[in-house]
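Here's the structure, in structure tokens; my notes come after.
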Amino acid sequence: MTEITLAKSYSPIEHEKSILARWSQAGCFHAQPTDSGAPYSVFIPPPNVTAALHLGHALNNTLQDVLVRVARMRGMNAMWMPGTDHAGIATQTVVEKRLLMQGKRRTDFTREEFVAKVQDWKDEYESVILAQLREMGASCDEARTRFTMDPVCTAAVRESFFRLFADGLIERGKRLVNWDPASQTALSDDEVEMEEVDGFFWYLQYPLEDGSGHITVATTRPETMLGDSGIGINPRDPRAAALRGKRVRLPIVDRVIPIIEDDYVVMPVSLGGDPQDAKAQFASGFLKITPAHDANDWELGRRHELQVINIMAPDGSISDRHGWTDVSATAKQFVGLSREDARKAVVAWFKANGLLEAAKPYRHSVGHGSRSHVAVEPYLSDQWYVRVTDPRLSASALRAMDLQQYEGSIDAVPGAARDGDGGLKFFPARYAKTFQHWHEGIRDWCISRQLWWGHRIPVWSCSFDAAKVPSATAWTDRGAAEIRRTLPDGRIEVFVCPPESLDATLIPALNAAGFTQDPDVLDTWFSSALWPMSTLGWPNPNRFGMEGMLDTFNPSAVLSTAREIITLWVSRMVMFNRYFMNGRLPFRNVFIHCIVQDGFGQKMSKSLANGVDPRDIIATHGADAMRFVLTQMSTATQDVRLPVDVLCPFTQQAFQPKTITTESGHVVAAPTQVCPTDPTKQMVTAYGVSAGLVTATDSIPLARNTSSRFDLGRNFATKLWNASRFALSQLGTATTSAEPVVPISLPDRWIIARFCRMVTTIESALAEYQFNPIADALYDFVWRDFCDWYLEAIKPTVKNDPVQQAVLRAMMDGILRVMHPVMPFVTEVLWTAVRTVSTAPIRGLDLPASDLLAVARWPAPDRALNDSQAIESFQRVQTLVMAIRNVRGERQVHDRRRIVLHAPKEIMDIVAQGSGTVETLAGLDRAECSDGAARPVDAVPFPFQGCELLLSALVDAVDVGAERKRLEEIIVDRERKAAGFEGKLSNAGYLAKAKPEVIEETRRMLSQAQADLVAARRALEVLSAMV
RNA sequence: GGGCGCUUAGCUCAGCUGGCUAGAGCACUGCCCUUACAUGGCAGGUGUCACAGGUUCGAAUCCUGUAGCGCUCACCA
């Protein structure tokens, strides 16, 4: 037998690399569609390549890894697809910022040059991210790593775009988009964040055209008045009748615009408006309508056929070249101003001309670009849309919902029954509501982005004189899809989308015919939405050597992600997967994990740069410790707050960093910190570096982050390590045998029963995606049951008891298996050591051998081993031990001192049942049967379950005063308890309505308290007699 | 404004299909370097379960309301 000696404590850094290498060499995370076992696939929510991963990602990936590793150990064909996301606007913004620091702009380069620079950035961070995943032990199928712009994914983008285009689900539209004047691109609704801004309500007077007076409009955006094309009033407004048919002469511009009536217009409180409505409090009853610069006005304008006058350039400045033609001489002075300056100038003009009636301060929310942080402009432009409002998409997503989780009647949702209906389930269930409400209020999805980094839109367009337009089938006959529209000037614009397979012939033909490709790229979520299909080779897996992948691994088992992703991504994956895969779901379950916040309650995020690099925690605590604590922190309702410390690179001391408040109001670690023990030494923080504020140098190095929250995990790994060391030391003489043994002694039967229950607890928690109970079950079992009780109990016997050795060996083996998904490294290291020992197997507990723990079988103990009787008996033993220890503790009896228990027969039975456990764990020299008559002189009495027990040889002399005090405290305690139970039992309602077993339990508790009371009082009497 | 959460020990959090004396880790106190582990062992103190009502024999748990915090959707009249 090989003797493996283990170091005195577990050092993660010494083992993690070699364990990773062993897994990698074995290729045990690589799955083939032809492998045995039911498919269990998980798609990593591909992190974007803007920055490295933080602990929020670590949490998500740890939980996924737990799921995947358990599935793998259960013999399923587990495939975890890793990858990254190109994150169009975010990545482009990051790179542009970097260039700006060098004094360069995107437009200083050609599109190809710039994309190459972004590609470099992507390559750098992609490799960082993949390394992070590896280091945290994520058992991803690395060989299948994907990036959203890989050829296989691009092929899926082309195919899906073509089919949506051909099916009429993609359209070109002139609509108001969220326009980011800084990055000069359209944004989807999801990329807009609302920020509170201090502003004003300005009250502007517009004269009536007939000179009969004026009306007053209220606005927060006076500069848009240059584009006003109508004035709205509510038809119920008492002033409406008199104004019907009248027109207003727009100041500055001199444009004459109609007054229209619409229910949408809010009436002021003074005229019957709702006082609860903030709008009514500020409204004048007259609404200026600017269809080109306000989404609601756009709708109003359509209803009343108002002119659409765009007064801005793409950079947000006032412009007469983007649709504004009736620029008056007065208006000229405003052209060219920024929107901010224009606002001031317009207000000043109104004031100077006596038309500014009032200005009231007003705080309101304004949309800002989530990346650029400048105010988003509702801007009229031509964009591509996916008509997700079509029932083929949105209603299909609703019909996918689990019926138990759908609110209302699913029959009201349009669409015919299909595969996949009702198959989508959320954990925790409340998030189904988010999903449902989103789809019920869904709006068409703007998918074009005026960026260079991303999937270029595969549409070629050209406009023709009506007479020269090609025939409607000219391009469709050649295999392309086509849509066309008539422009305001009567020309016909033709849009052609070729399928990728015909690129070689159609693209040259299109170019030759004068068509040009759309310069824009697709919203990143378009390609993300295809992730569970595109990574498996859809539409044609064989083309990429992925035979069988799509049919085997789609749908996946579960998507694990964050709350806000439900609308951004989950929704789109469901719609697309179902649309393209004949109703099939991308995943059956959606698990929403909690959010990791920093010590100030702010979500860790790449953009705020307050995230902690998991590698920092791995460095100070080890990957297993990090994973265990993250698992334990994962609860269903509570986000995780994680105070972060900085680790001084000079002294290795952790300290609380000095903080600063950012412009956006966030509290973050200051970019530079001073060593707490040596003020001459400085360091930079991860925040400072990620935010681009500082760079690390040799003299001012980067300080890692750490957090004491992970100590628990590190200590637990060490505990497991040492328990294994001890177990191995006890098994040195063990002999192997093929004949299964049946454990007889109480501690053996008990620990196996507890093991069974722990496995059950873990399995039922996993089924509900509840991770915190998994960590707790492991911790309680390993530390409390196994180490504190079992190992201590068997110390005197195990070396000479082959059956007990078999139990010890089996428990050690079983523990490593169930711990492995959460703490894969330390368990894999110990596995090698434990496997060198072999004993007889335990009947009913099959633990088949395996070279690597990562692919060992998950334990499935026989139900017969879950021995309730053993658990109850051992519980009595534990209670007795704890009672004795309590006396020892209070009397401060030295640990090594052996004492004597004197107990009546019924208690001696418990001692006997324990087969030595009580003696060992309570530090008894012996236990003697006693009727209480013959009382040793130095005996200390204590009540236990209604009996009076005595302990002797505790001390050399009894301190009567202290003893009396102790007994009196017990009496007070038991009196209080007895009174409580008596109160319950004297309540007629309680006796009549409570469950019989509950009442019985109360009676038992009462009689025990009363008996304790009797015993303690008698002991007090005896004590008094001694004096 | 709509929706969804949260508020339990000094800190970070469990518990909530109503029922034993409300728990864990950390921190704290006392004792112990007992040959697995001081990243440890044994013992101990600590809570008006946010607040106010209600339902019930019984509420941390269910209902209503209030306050504070967070997330999310909508909102530039």
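Chain identifiers are assigned alphabetically (A, B, ...) following the order of the sequence lines, protein sequences preceding nucleic acid strands; residue numbering begins at 1 within each chain.
Listed candidates were A74(B), U39(B), A14(B). Nearest to the side chain of R443(A) is A74(B). Closest to the side chain of F201(A), out of C71(B), G5(B), A77(B), is A77(B). For W783(A), the listed nucleotide lying nearest its side chain is G41(B); candidates were A77(B), C13(B), G41(B). When distances are taken from the side chain of M882(A) to each of C4(B), A77(B), A43(B), the shortest belongs to A43(B). When each of A14(B), A77(B), U12(B) is scored by its nearest atom to the side-chain atoms of T637(A), the top-ranked nucleotide is A14(B).
When the P atom is used for both C33(B) and A14(B), the distance is 39 Å, rounded to whole Å.
Residue contacts for L712(A): at a heavy-atom cut-off of 4.0 Å it reaches the sugar-phosphate backbone alone, with no base atom in range. Within 4.0 Å of D711(A), counting heavy atoms only, lies no atom of the nucleic acid at all. Using a 4.0 Å heavy-atom distance criterion, R641(A) is classed as a sugar-phosphate-only contact. Residue contacts for Q730(A): at a heavy-atom cut-off of 4.0 Å it reaches no nucleic acid atom on any strand shown. Within the nucleic acid shown, K795(A) comes within 4.0 Å of at least one base atom, counting heavy atoms only. In this structure, Y203(A) reaches neither bases nor backbone, as no heavy-atom distance under 4.0 Å exists between it and the strands shown. Backbone-only engagement by A218(A) is indicated by non-hydrogen atom pairs under 4.0 Å involving sugar-phosphate atoms exclusively. Across all strands shown, K8(A) has heavy atoms under 4.0 Å from sugar-phosphate atoms exclusively, and none from any base.
A side-chain N or O of N296(A) and one of Y264(A) form a donor-acceptor pair less than 3.5 Å apart. Side-chain contact, T290(A) with K288(A): a donor N or O sits under 3.5 Å from an acceptor N or O. Residues Y206(A) and D228(A) have side chains that bring a donor and an acceptor to within less than 3.5 angstrom of each other. Side chains of H666(A) and N610(A): a donor-acceptor N/O pair is absent below 3.5 angstrom, by distance only.
For U29(B), the paired nucleotide is A43(B), the pair qualifying as Watson-Crick or G-U wobble because both relevant distances are below 3.5 Å. Pair assignment for C69(B): G5(B), on the basis of Watson-Crick or G-U wobble contacts that are both within less than 3.5 Å. Under the Watson-Crick and G-U wobble criteria, each requiring two contacts below 3.5 Å, nucleotide C49(B) is left unpaired. Under the Watson-Crick or G-U wobble criterion, with both distances below 3.5 Å, U34(B) has no partner in any strand shown. Base-pair partner of A14(B): not found among the strands shown (Watson-Crick or G-U wobble, both distances under 3.5 Å). Here A74(B) sits opposite no nucleotide as a Watson-Crick or G-U wobble pair (both hydrogen-bonding atom distances under 3.5 Å). Both distances falling under 3.5 Å, in either a Watson-Crick or a G-U wobble arrangement, place C62(B) opposite G54(B).
For W179(A) and C76(B), the CH2 to C1' distance is 20 Å, given to the nearest whole Å. Atom CD in Q770(A) sits roughly 18 Å away from atom P in C13(B) (whole-Å rounding). Between the CD atom of Q638(A) and the C1' atom of G15(B) there is a distance of 13 Å, given to the nearest Å. The nearest whole Å value for the distance from the CZ atom in F726(A) to the P atom in G41(B) is 14 Å. Atom CG of D788(A) is separated from atom C1' of A43(B) by 13 Å (rounded to the nearest Å). What separates CG of D895(A) from C1' of G40(B) is a distance of 12 Å, to the nearest Å. Look at CG on N296(A): it is 7 Å from P on C75(B), rounded to the nearest Å. The nearest whole Å value for the distance from the CZ atom in F628(A) to the P atom in A24(B) is 15 Å.
Comparing Q597(A) and R714(A) by the nucleotide of RNA chain B whose heavy atom lies nearest to each, the residue mapping closer to the 5' end is R714(A). With the nearest nucleotide of RNA chain B identified for both F716(A) and R343(A), F716(A) has the one nearer the 5' end.
At a cut-off of 3.5 angstrom, counting only N and O atoms as typed in the model, there is a donor on one side and an acceptor on the other between the side-chain of K719(A) and the base of C37(B). Judged by atom type and distance alone, Q632(A) does not reach the base of A24(B) through any side-chain donor-acceptor pair under 3.5 Å.
When ring centroids are compared, H593(A) and F771(A) stay outside the 6.0 Å threshold. Taking the six-membered ring for Trp and the full ring otherwise, the centers of H293(A) and W179(A) sit at least 6.0 Å from each other.
In terms of phosphate contacts, R888(A) brings no side-chain nitrogen or oxygen within less than 4.0 Å of OP1 or OP2 of G30(B).
In Q652(A), the CD atom is crowded: over 12 heavy atoms of neighbouring residues, nucleotides or ligands sit closer than 6.0 Å.
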